Every structure is written in C-alpha cells, then in structure tokens.
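Everything below concerns the one structure shown next.
Residue numbers run from 1 in the order of the sequence given. On a predicted model such as this, the values are computed, not experimentally measured, just so you know.
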Amino acid sequence: MAMGNGTATFRRLDFESDLLGVGVFRLPDAPALADAAAVAGIVRDLAAAGCWLAMTRVPESDRAKADALTAGGFRAIETLLILECPLADTTMEMPAGINVAAPADGEACADVAHAAFHMDRLHRDPDVPDAVADTVRRAWVMNDVGGRADATFVSKDGGKITGFNACLRGDGFAVIDLIAVAPGQQGKGLGGKLVEASLAHYAGRVPMLRVGTQADNTVSVRMYEAAGFKPVKREITFHRVFDAARGKRAAGGAA
C-alpha cells in the first residue's frame, strides 16, 4: 500500500507491520528526499499513518539526501555494499556437503540466524529492541525457507544444520537474500561453500548473482570478493523510529 503527500510516496511493509503489530514503512530513493521541507512533510504523513519505523536507502554519494534525511530525524544505520558476480552459461557442480533445504528445515535455519545475526540494520539501530530484531529475522528466515526463497542451500554436521543461504530470483538475476553460519562453525569455510552453492545452482539459469552486505563487515566482503563478486554500488540505510516506547511494547509481544 503506497501513501504520501504527493511529493514522495512511502509503502507499508506488511510482513514486518503485521508480525510486530506496529507500522513499518519504506520510502523510495525519490528526488524529494533531497529537500528538507519535503522530508519534514513526509515525516508528518508517516506519523499520521501510524508509523513506528521508517526506512530508506540512498546512494552514499548523494549528500543532499543524506543531509535532508538527517534534518528530518532519520539516523544513518549502515553503509550497504552491493556486489555482483557474472555467472557462467554452463552448469557447475554443487560443492560437497551442501544440499537444497526442505521447508521443514526452516526452524533449524532460524536457530542459526538467531545465533549469528548481529550486524544487520535492525540490530544496529539502538532504538529497535533486540527482541524485535530477533523476531523479524527469525520470521524472515522461516518465510524464505518455507517458500519465499527460490532456493535455500544448507550445510550440515551430523545431521544438524550449521549454515544456510536463502536466494531469491528476479528477472535476469538472482540475489543472496539471507546467509548465515552458526557461530561455532564460523572460520571453517562454510560461508564460502554456501556462496559457491548459489553460484553453481544459478549458473546457466541467470546471468548475474547479487548480494548486499555491510561495508564494514570485512569478513563477508572478502568472502564475496574471493568468490568473484565485484562492488558495484554503496548505499546508506536510514531509519527513523517515531516512538521508542511502542517498539518496547512490540518487543514484549514478540514471540
């Protein structure tokens, strides 16, 4: 559902809003975001729409938008680095020990995510309770493995899932949506094998694989670059939390 003041629109994120019972909205990277008065109007509209958390991403190089958003009470949360890797036209072998997940693997993958995720934008925002961030990411993983993802790849040790890579497919490309390795299994090359699995799976199916990761997550950036990914874009993620107390109440009701 798109709403706005005519200068710029914003969209209710139904998955997060319905899950948490509070309004979560996204603004597009629109020209109006470079105007402080327009951003102030958007903020008023968001408040009237019952927004708890609003987010947007703008190019790192666009200082006018960054300044206007900051003036409107938005906080810079992260710099997201987008990388791409061209895929071969021919099929590739799946790495040993990596399999395609079944829907029943969702709970185990969510457990890995709960233990591993701490650098994503929700966990980085001091106005978003950790319980809310945990709830959203857990539900997101369950949703991906349950069918939203085009394919999810898992690694196992003694039958226990130790890592996963959930990928989406678009028109002419695929995207690594969520990837995580259990803390006790990190540093063993599992992340690289999970990335390799997505490269093998989509080779010959789409020409490009994309991923976004925090620019300061040097371990992930090195892993992707070692797999053949090249940085193509940098964006700043901005959040504005309208009522911290509502976030705490949402955390209290989070599963």
Side-chain angles (χ1 to χ4, degrees), residues 26 28-30 55-62 65 77-102 105 109 112-113 116-117 119-121 137 140-141 143-156 161-182 185-237:
R26 178 163 186 162
D29 176 16
M55 67 86 60
T56 190
R57 287 194 173 106
V58 300
E60 185 183 46
S61 59
D62 198 332
K65 289 177 182 175
I77 299 297
E78 65 180 6
T79 297
L80 190 72
L81 182 66
I82 294 89
L83 305 98
E84 293 183 345
C85 181
L87 297 175
D89 290 333
T90 56
T91 57
M92 298 169 56
E93 253 187 65
M94 187 70 65
I98 306 296
N99 299 291
V100 176
D105 292 327
C109 289
V112 171
F117 283 150
M119 296 189 72
D120 60 278
R121 64 180 178 84
R137 288 304 171 213
W140 199 280
V141 173
N143 197 31
D144 268 2
V145 180
R148 175 176 179 264
D150 178 63
T152 300
F153 311 98
V154 293
S155 59
K156 293 185 178 182
I161 290 177
T162 55
F164 70 90
N165 175 9
C167 298
L168 309 178
R169 182 168 175 174
D171 184 13
F173 63 93
V175 179
I176 294 176
D177 186 46
L178 291 171
I179 183 170
V181 173
Q185 299 293 325
Q186 293 173 6
K188 301 179 180 180
L190 286 182
K193 289 182 72 173
L194 288 164
V195 171
E196 185 184 343
S198 56
L199 293 171
H201 180 80
Y202 288 106
R205 298 182 181 184
V206 294
M208 186 72 65
L209 183 63
R210 295 175 183 165
V211 68
T213 191
Q214 288 76 18
D216 60 359
N217 188 348
T218 55
V219 172
S220 289
V221 173
R222 286 197 211 103
M223 177 182 71
Y224 291 124
E225 290 180 334
F229 286 78
K230 302 292 183 186
V232 295
K233 185 165 53 174
R234 294 169 69 96
E235 295 179 329
I236 302 176
T237 303

* Say whether, by atom type as modelled, one donor and one acceptor occur between the side chain of Thr152 and the main chain of Ala101 under 3.5 angstrom. =>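 Side chain of Thr152 to backbone of Ala101: no pair is present.
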* Keeping the roles fixed (side chain from Thr56, backbone from Arg26), state whether a donor-acceptor pair exists under 3.5 Å. =>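 No, because the side chain of Thr56 does not come within donor-acceptor range (under 3.5 Å) of the backbone of Arg26.
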* To do: Determine, for Lys65 against Asp29, whether the closest basic-nitrogen to carboxylate-oxygen distance falls under 4.0 angstrom.
  => yes
* Closest non-hydrogen atom pair, Ser198 against Cys167 -> CB-SG, 3.7 Å
Sub-4.5 Å side-chain heavy-atom contact between [X] and [Y]:
{"X": "Ile236", "Y": "Leu80", "result": "no"}
{"X": "Leu83", "Y": "Val232", "result": "no"}
{"X": "Ile161", "Y": "Ser155", "result": "no"}
{"X": "Phe153", "Y": "Asn99", "result": "no"}
{"X": "Ile82", "Y": "Glu235", "result": "yes"}

List the atom pairs, donor and acceptor, that lie under 3.5 Å between side-chain atoms in residues 171-180 and the rest of the protein, sequence neighbours left out.
| residue | atom | partner | partner atom | Å |
| --- | --- | --- | --- | --- |
| Asp177 | OD2 | Trp140 | NE1 | 3.0 |
| Asp177 | OD2 | Arg148 | NH1 | 2.9 |

Measuring from atom [atom1] of [X] to atom [atom2] of [Y], what distance do you get when rounded to the nearest 0.5 angstrom?
{"X": "Asp62", "Y": "Arg57", "atom1": "CG", "atom2": "CZ", "result": "15.5 Å"}
{"X": "Ser220", "Y": "Glu225", "atom1": "OG", "atom2": "CD", "result": "11.0 Å"}
{"X": "Leu199", "Y": "Leu194", "atom1": "CG", "atom2": "CG", "result": "11.0 Å"}
{"X": "Asp216", "Y": "Thr79", "atom1": "CG", "atom2": "OG1", "result": "7.5 Å"}
{"X": "Thr237", "Y": "Met55", "atom1": "OG1", "atom2": "CE", "result": "5.5 Å"}
{"X": "Leu209", "Y": "Arg169", "atom1": "CG", "atom2": "CZ", "result": "11.5 Å"}

* Structure fact -> Sorted by chain and residue number, the salt bridge (charged side-chain N to carboxylate O under 4.0 Å, His left out) partners of Asp120 (sequence neighbours excluded) come out as Arg137
* Output, in order, the C-alpha distance, side-chain angles, deciding distance and verdict of side-chain contact (heavy atoms from CB on, under 4.5 Å) for Val206 and Leu87. => CA-CA 7 Å; Val206 294; Leu87 297 175; 3.7 Å; yes
* Can you tell me which residue pairs pass the side chain to side chain donor-acceptor pair (under 3.5 Å) test with a partner in residues 200-214, sequence neighbours excluded? =>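 Of all non-adjacent pairs touching residues 200-214, those that pass side chain to side chain donor-acceptor pair (under 3.5 Å) are Glu78-Gln214, Glu84-Arg210, Asp150-Tyr202, His201-Arg205.
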* From the options Leu190, Val141, Asp105, select the one residue that forms a side chain to side chain contact (heavy atoms under 4.5 Å, CB included) with Phe164. => Val141
